[in-house]
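Heads up: numbering here begins at 1 and tracks the sequence. Nothing here was measured: the structure is a model prediction, and the numbers come from that model. Below, each value reflects all heavy atoms present in this structure, side chains not excepted, and no hydrogens, waters or symmetry copies.
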Amino acid sequence: MHNSLRKDKLLAVLLAVSWPLTGFGQSVQRYTRATDRVTLTLADGQLVLRPLAENAVRVQFANAARPELPELVLTSPATVPAFKVMETSTAVQLATKQMQVQVDKATGAVRYLNKAGQVFLQEQPTTRLRAAEPVLGEANVVAEQQFLTAPDELLLGLGQFQDGHFNLRSVTRQLTQVNTQIALPFIYSSKGYGLLWHQYGLTDFNPADALIPLEKQLAAAPAGQAVDATTSTGTQKVAQDQATYSGTVTLPAAGTYAVMLDLGGMGNRHYVAIDGVACIDHSNFWLPPTASAKVTLPAGQHTIRVVCKANNTPRLTYKRVDELTTFRSPNAQLLDYVVFYGPQADAVIQTYRNLSGQVPLLPQWAYGFWQCRERYTSSAHLQETVQEFRRRNIPMDVIVQDWQYWGKYGWGVMQFDEAKYPDPAALMQNLHAQHARFNISVWENLNKESAIGKSHVANNFYILDSPWLDLTNPAARTAHWAAINQHLFRYGVDSWWLDATEPENDALHGKKLFVGPGDFYRLTYPLYVNQAVYEGQRATSPDKRVCILTRSAFLGQQRYGTISWSGDIGGTWDTFKRQIPAGLGFSITGLPYWTTDIGGFFRPGAGQYTDPQYNELLMRWYQWGAFTPIFRVHGYQTETEPWKNGPVVEANIRQLLDVRYRLLPYLYSAAWQVHQNGSTLMRPLVMDFPTDTAATHQAYEYAFGPAFLVAPVTKPSVTTWPVYLPKAAAWYNFWTGQRHAGGQTVAAPASQTTTPVFVKAGAIVPLGKRLQYTGQKAADTLEIRVYAGADGRFALYEDEGDSYRYEQGQYTLIDFAWDEKRQTLTIGPCQGTYPGALPRRVFNLVWPSETTGLGAAFGTPQKQVIYTGKRLTIKR
């Protein structure tokens, strides 16, 4: 005992010893090892390496004493992994079981190696921190780090952007939170690593610094008409007038250049033409302040034309594309980033979630269909709409109340105006009796003259000189939930729509917050908002799952039961197409639940209901929506109910909803894997086919859970669609059953009622009964589809559907395994139990083929088994 204690004390002393380095004149002067880190003293500051997991290391650098900042992202307790520290003649090395980190003695630059000693990422030697003007009286530095990027490297992530970029290598972006844009400073590389840039303020990714002077032209572009548009203070007339700017730039050398347009604020037009050829061309009632493009140009002089909203102040910059990936944060207090290594994407994301919070299961009904429009106007309107869905046998689980239900109480006040909503409790009872769940819009910029607002004013809960609540203040978060609980949740509200959580129009810039200067925390507001509601509801009602739809997000937000959507986008083919890489860029950052306004938020006028061109776009969007994590329709000043567009569209939507609801056992089981094993529902193909270059570069295809490949049709008037099938044993067309070899592009049938969807050989897909809402019928009979051609497994997950008792182990798992060689399906013993678990099941086994192309239709069982929880082996 005493000898052991002496050894422990000796070890503690040794761990605190500082070792001077051999040699002289080096950037790295000495290093110190502690139990959880290695600290290196460099000529210009201290570099700290902290192993967070066997495959994750955090790097921090400060010129002086390292400031203590609130930890908003990496909040989960983690055991420090075992690590070794070694010194060579040229480097100091930290090594865990899965990765090595080497610091070059001469330059102080860091490089990262896998356990086989192969470099997968390395810093470019640079000045990590630069002096900057104080922010609201607090010390400020510019944090910047450059990384060498391989020519064949694919980089994905950074959140949800409307610029259409998929591979972010050499792309220029500015990370701000605004309507339709979600900034998440995390990238995943095809080299198998993830990089989390741990800054809370604005960040420039591959910044373009060379300015192209622009001159405003006297003649403006054709003026658009003023339109009604959603703003943070209600519906307002927003001028659509646009101005034209011109300029020239002389390039010393031919090459590929990144061009960045910064409007200085939200706009309605991004247009940049170089020598008469447009390289950026987006239009919408709202557009983010920035957009970028990569263009290949010859040396010499080039003419520039920019078109934007007349009251914007456009700034155009450029840079020559190089072999570097750069992060720069102009408002920082130290350099801070985390490197994760997989090499599998799921391993990277699982470790990230282990450190920042796991994804809770949403209630089962959240995976059904959400009916939303701008807006329902009364209790009667809501109740009658649900009645009509039920009368027409159109599946639906969630009815959504958009804004302005507050009426007389003033903007954003979370109270029902009794004139239109006389009895909220009775409304909830009526909707629940019709087996619908209720979601409602909540804002954080509520009327200061209301009773709730006056209370917040008295407690200094608003940001100074701002309409927004300062939810960086814990007391303000508590008060915000208390008001939501008193005026909404206690009546039986099921789910929350937290709108404008950026907050709208980059509203933290230049403001003083409870936690510090807003510019230091410019990206984090949505995290605080969702924390307030998630923690508030869980404390109030621990058995009812939190389900939040929110317009913005930040790193770590997955732990708060949130779904993000792509904001107030337009209803055009171009916008529709750009949502696919936007969603993939969001999902790869570790936040799995995402959706869009099916049909677009801003839509054509009254003619949309009978316009065949718009109806075609609407149908293609629905076809895609059925295979996205959350299936939801919405539209501005639009009646979005399926029957409004006529009987043909209604019938087609009903068919797609049938597909979605039959897939619920598959979806819910896949959601369990998201919660438990770091999985992701909407998967860029690099996640599952990392060595297939043709697959990894597909910007408009993705895997949907473990079985499906989805390739949405994004052009009008087509009947076939090219689909690249990744290298795998085989692929089956979900609708026809036709089998194709992997590693090729096929012309897939794409009728007006279906989008191309394929199923991988070896997949096992459980399908349920046709439903009008989740839980309508007992899941005592399932169709189990086995797609032969390769070995495969699937775990069928089930629980109560809307409680947190699964966190205490109350759920069941049934493992299915297909052995291709033996042509046998093994159904494992049922693991676990929960209240209401079925003791007896009927499994109808189907092996799809070209003669049994099924889609969502019920297959003729080739085998039928009775399952009572014991292991079964079935020969095909």
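The two residues Arg739 and Ala730 come nearest to each other via the heavy atoms NE-CB, 3.4 Å. Shortest non-hydrogen contact noted between Thr628 and Arg660 is O-NH1, 2.6 Å. For the residue pair Leu324 and Asn206, the shortest heavy atom distance occurs at O-OD1, 3.7 Å. The shortest non-hydrogen separation linking Leu261 to Tyr271 is CD2-N, 4.1 Å. Here the closest heavy-atom approach between residue Gly570 and residue Trp621 is recorded as O-CH2, 3.8 Å. When all heavy atoms are compared, the tightest approach of Ala707 to Trp731 is O-CZ3, 4.2 Å.
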side-chain contact (heavy atoms from CB on, under 4.5 Å) between Phe166 and Tyr700: does it pass, once the steps are laid out?
CA-CA 9 Å; Phe166 176 67; Tyr700 305 103; over 6 Å; no
Applying side chain to side chain donor-acceptor pair (under 3.5 Å), run through Thr290 and Gln174 and close with a yes or a no.
CA-CA 7 Å; Thr290 59; Gln174 186 172 87; 5.0 Å; no
Assess whether side-chain contact (heavy atoms from CB on, under 4.5 Å) is satisfied between Met619 and Leu656, documenting all intermediate values.
CA-CA 10 Å; Met619 283 312 308; Leu656 288 164; 3.7 Å; yes
Step by step, work out the side-chain contact (heavy atoms from CB on, under 4.5 Å) result for Tyr724 and Asp692.
CA-CA 11 Å; Tyr724 179 75; Asp692 184 347; 2.9 Å; yes
Worked verdict on Arg683 versus Asp346 for salt bridge (Lys or Arg N to Asp or Glu O under 4.0 Å):
CA-CA 10 Å; Arg683 305 171 63 83; Asp346 283 342; 3.0 Å; yes
What do the steps show when you test Thr595 against Leu549 for side-chain contact (heavy atoms from CB on, under 4.5 Å), and what is the final call?
CA-CA 9 Å; Thr595 185; Leu549 179 71; 4.2 Å; yes
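The closest side-chain donor-acceptor pair between Gln350 and Arg353, if any, does not fall under 3.5 angstrom. A side-chain N or O of Asp397 and one of Tyr661 form a donor-acceptor pair less than 3.5 Å apart. No side-chain donor-acceptor contact under 3.5 Å links Thr180 and Gln162. Donor-acceptor pairing under 3.5 Å is lacking for the side chains of Arg551 and Thr501. A donor and an acceptor atom, one from each side chain of Glu153 and Ser189, are located under 3.5 Å apart.
Note that CG of Leu158 is 6.5 Å distant from CD1 of Ile187, once rounded to the nearest 0.5 Å. Distance check: Ile569 CD1 to Thr575 OG1 gives 6.5 Å after rounding to the nearest 0.5 Å. Put simply, CD on Glu701 and CG on Leu685 are 6.0 Å apart, with the number rounded to the nearest 0.5 Å. Here CD of Glu323 is found 4.5 Å from CZ of Arg169. Values are rounded to the nearest 0.5 Å. If you take CG on Leu523 and CD on Gln177, they are separated by 5.0 Å, rounding to the nearest 0.5 Å. To the nearest 0.5 Å, atoms NZ (Lys715) and CG (Leu617) are separated by 14.5 Å.
Contacts of Gln673 classified as side chain to side chain contact (heavy atoms under 4.5 Å, CB included), with partners at least two apart in sequence or in another chain: Asn677, Ser679, Ala795. Qualifying side-chain hydrogen bond (donor to acceptor under 3.5 Å, both in side chains) partners for Thr176, counting only residues two or more places apart in sequence or in other chains: Gln181. Residues passing the side-chain hydrogen bond (donor to acceptor under 3.5 Å, both in side chains) test with Tyr367, sequence neighbours excluded: Tyr593.
Remark: side-chain polar atoms of Trp565 are not paired, donor with acceptor, to backbone N or O of Asp597 under 3.5 angstrom. Checked by atom type and distance alone, the side chain of Thr720 never pairs as donor or acceptor with a backbone atom of Ala747 at under 3.5 Å. The backbone N or O of Pro288 sits less than 3.5 Å from a side-chain atom of His270, completing a donor-acceptor pair. A donor-acceptor pair is defined here as one N or O able to donate and one able to accept, closer than 3.5 Å; no such pair exists between the side chain of Ser329 and the backbone of Gly201. Listed for the Thr550 side chain is a donor-acceptor partner under 3.5 Å among the backbone atoms of Leu498. Judged by distance alone, with hydrogens and angles left aside, the side-chain atoms of Thr149 form a donor-acceptor pair with the main-chain N or O of Thr325 at under 3.5 Å. Ser190 places a side-chain N or O within 3.5 Å of a backbone atom of Leu154 that can act as its donor or acceptor partner.
Here Phe576 and Trp624 bring their ring centres to under 6.0 angstrom of each other. For Tyr666 and Phe708, the gap between ring centers is short of 6.0 Å. Ring centroids of Tyr797 and Trp672 are separated by less than 6.0 Å, placing the two rings close together. The distance between the ring centers of Phe327 and Phe205 falls below 6.0 angstrom.
Of the listed residues (Tyr352, Trp197, Phe554), just one forms a ring pair (Phe, Tyr, Trp, His ring centres under 6.0 Å) with Phe186, and that residue is Tyr352. Evaluated for a side-chain contact (heavy atoms from CB on, under 4.5 Å) with Phe147, the options Thr326, Leu121, Val339 yield exactly one hit, Leu121. Of the residues Tyr112, Phe120, Tyr193, the one that meets the ring pair (Phe, Tyr, Trp, His ring centres under 6.0 Å) test with Tyr341 is Phe120.
Under the 30°/60° scheme for interplanar angles, the aromatic rings of Tyr702 and Phe704 are found to stand perpendicular. Aromatic ring pairs are classed by plane angle as parallel below 30°, tilted from 30° to 60° and perpendicular above 60°; the pair Trp497 and His634 is perpendicular.
We find that Asp658 and Arg662 are not joined by a salt bridge, their nearest charged nitrogen and carboxylate oxygen being 4.0 Å or further apart. Electrostatic pairing of Asp204 and Arg173 does not count as a salt bridge here, judged by no charged N lying under 4.0 Å from a carboxylate O. The existence of a salt bridge linking Lys191 and Asp152 is confirmed by a sub-4.0 Å separation between a basic side-chain nitrogen and an acidic carboxylate oxygen.
For NZ of Lys319, the number of neighbouring non-hydrogen atoms (other residues, nucleotides, ligands) closer than 6.0 Å is greater than 12.
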